[in-house]
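One structure is given here, and the rest of the page talks about it.
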Protein chains: 2
Amino acid sequence: MVEPTPGYELPLQLFAAFRAIIDAAHDDLARHGYPDVKPMHGFVFQAIGTQGTTAVELGARLGVSKQAAGKTIANLEKLGYVERAADPNDARRKLVRLTAHGLDMLAVSARSFDAIQAQWAETIGPERLAALQNDLRTLAPGELLRLDVPGWFSGDR
Amino acid sequence: MVEPTPGYELPLQLFAAFRAIIDAAHDDLARHGYPDVKPMHGFVFQAIGTQGTTAVELGARLGVSKQAAGKTIANLEKLGYVERAADPNDARRKLVRLTAHGLDMLAVSARSFDAIQAQWAETIGPERLAALQNDLRTLAPGELLRLDVPGWFSGDR
DNA sequence: CATGATCGACAACCAGGTTTACTATATGGG
DNA sequence: CCCATATAGTAAACCTGGTTGTCGATCATG
């Protein structure tokens with residue numbers, strides 16, 4: 001039995017597919033008036049959620065230090081996607097929440113991802129896409145949301 | 001018909017699967033005496049290949065500037081994975097080739113990736129893995145080898 | 001043979017990550 | 001009640017890897 005593809009192709013295919021989705025979503029976002037969001041920001045927005053969070057908690061969710069989370073928050077604040085407010089119950093904490101702009105962008109991106117998924121379902125058939133997702137869940141269970149990508153990719157893990 | 005998963009999960013699943021493979025391969029590499037290789041280096045080694053290349057060509061293959069390629073080459077040279085030699089036919093060019101150490105590491109990583117692929121085939125069945133790869137090829141055709149991941153992920157593309 | 005293109009290197013800068021260190025605030029045991 | 005300890009946020013210094021701009025050296029061509 002011959003080996004159909006060398007083993008190193010599989011991860012590259014997975015990454016190319018990931019990248020294709022992200023690029024498509026961000027093309028969509030740029031067309032809808034959000035040209036300044038970066039692929040990374042999607043992770044952050046998901047981690048902040050509609051409820052808001054704090055820098056420490058955000059760092060924990062994303063797998064980076066609280067300082068890195070703080071930097072990212074500061075950037076998103078400068079871009080107007082996020083706002084910080086004092087926590088009345090704990091003067092140390094600062095609540096980070098999405099602004100109206102951020103929430104709108106989150107909604108747009110959600111529609112974008114849904115549209116891409118729908119398009120993929122159309123391309124290969126919904127049952128095959130469902131099977132693909134099912135297989136991925138089996139093969140790579142665990143946390144989906146990890147932001148330490150730059151460090152993970154180039155650092156020593 | 002209900003939407004089974006929100007659209008944003010699909011890219012995260014793809015990325016998690018990619019990451020799972022890379023992490024497994026690098027655990028393997030660390031066990032086999034290559035603890036200092038980073039996920040990024042795999043891309044570079046594949047792009048250099050067994051034939052060798054130059055900085056400009058490497059940058060073009062990986063989608064980064066020649067300067068960035070040069071920096072990466074310098075790092076890999078310091079680690080002993082790569083060596084530079086003058087091109088007898090063109091005094092401007094410097095051939096970059098994998099050392100014996102680098103070639104061995106490439107062989108180990110190839111075995112690693114094959115083993116992981118085999119394990120995945122065992123887990124979900126070879127025909128489903130083949131279908132998965134086939135679908136991925138359909139959904140995300142094009143260049144597999146692009147190294148501009150850090151810049152792509154956090155930069156403005 | 002002179003002009004233009006290419007290769008490799010250097011410098012300056014940026015983004016994002018880390019560790020270390022510090023202040024301010026909470027919390028809980030003596 | 002008070003002090004010791006833990007936690008939240010911030011800042012500084014540093015690392016890696018990316019970018020652009022520049023430059024000298026070398027080829028290639030009109």
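Bear in mind the structure is a predicted one, so any value in this text is a computation, not a measurement. Proteins come first, then strands; the chains are lettered A, B, ... in the order of their sequence lines, and each starts at number 1.
- Side-chain N/O atoms of R84(A) include none lying less than 4.0 angstrom from OP1 or OP2 on dA8(D).
- Rounding to whole angstrom units, NZ of residue K66(A) and P of dG17(C) are separated by 16 Å.
- OP1 or OP2 of dG16(C) sits under 4.0 Å from a side-chain N or O of K38(A).
- Per the geometry, CD belonging to E57(B) stands 9 Å off P belonging to dC7(C), to the nearest Å.
- Residues from residues 89-99 of chain B that place a heavy atom under 4.0 Å from any atom of DNA chain C, listed by number: R92(B), R93(B), K94(B).
- In this structure, H41(B) places its NE2 atom 11 Å from P of dT16(D), rounding to the nearest Å.
- Between the CG atom of L62(A) and the P atom of dT18(C) there is a distance of 11 Å, given to the nearest Å.
- Taking a cutoff of 4.0 Å between a charged side-chain nitrogen and a carboxylate oxygen, D28(B) and R31(B) qualify as a salt bridge.
- The CZ atom of F43(B) sits 20 Å away from the P atom of dT16(D) (whole-angstrom rounding).
- A close approach under 4.0 Å does not occur between any side-chain nitrogen or oxygen of T72(B) and OP1 or OP2 of dT16(D).
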Stepwise side-chain contact (heavy atoms from CB on, under 4.5 Å) test for I48(B) and R97(B): CA-CA 7 Å; I48(B) 294 175; R97(B) 269 177 318 170; 5.9 Å; no
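- Judged by distance alone with a 3.5 Å cut-off, a donor-acceptor contact links the side chain of Q67(B) to the base of dG21(D).
- Within a 6.0 Å sphere centred on CZ of R128(B), other residues, nucleotides and ligands contribute more than 12 heavy atoms.
- No side-chain donor-acceptor contact under 3.5 Å links R84(B) to the backbone of V96(B).
- Residue contacts shown for N75(B) are limited to sugar-phosphate atoms, with no base heavy atom under 4.0 Å away.
- Within the structure, a side-chain polar atom (N or O) of S65(B) is placed less than 4.0 Å from OP1 or OP2 of dT19(D).
- Along DNA chain C, the nucleotide nearest K71(B) and the nucleotide nearest T54(B) are compared for position; the residue whose nucleotide lies closer to the 5' end is T54(B).
- Residues T53(B) and D87(A) both approach DNA chain C. Their nearest nucleotides, taken by heavy-atom distance, put T53(B) toward the 5′ side.
- Atom-to-atom, CD1 of I73(A) to C1' of dG17(C) comes out at 15 Å; the value is rounded to the nearest Å.
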Intermediate values then yes/no, side-chain contact (heavy atoms from CB on, under 4.5 Å), L106(A) and Y81(A): CA-CA 10 Å; L106(A) 193 59; Y81(A) 289 110; over 6 Å; no
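- Counting heavy atoms of neighbouring residues, nucleotides and ligands inside a 6.0 Å radius, atom CD of E127(B) exceeds 12 of them.
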Verdict with reasoning, D114(A) to Y8(B), per side chain to side chain donor-acceptor pair (under 3.5 Å): CA-CA 7 Å; D114(A) 286 343; Y8(B) 69 85; over 6 Å; no
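- If you measure from atom CG of D36(A) to atom P of dC14(C), you get 19 Å, rounded to the nearest angstrom.
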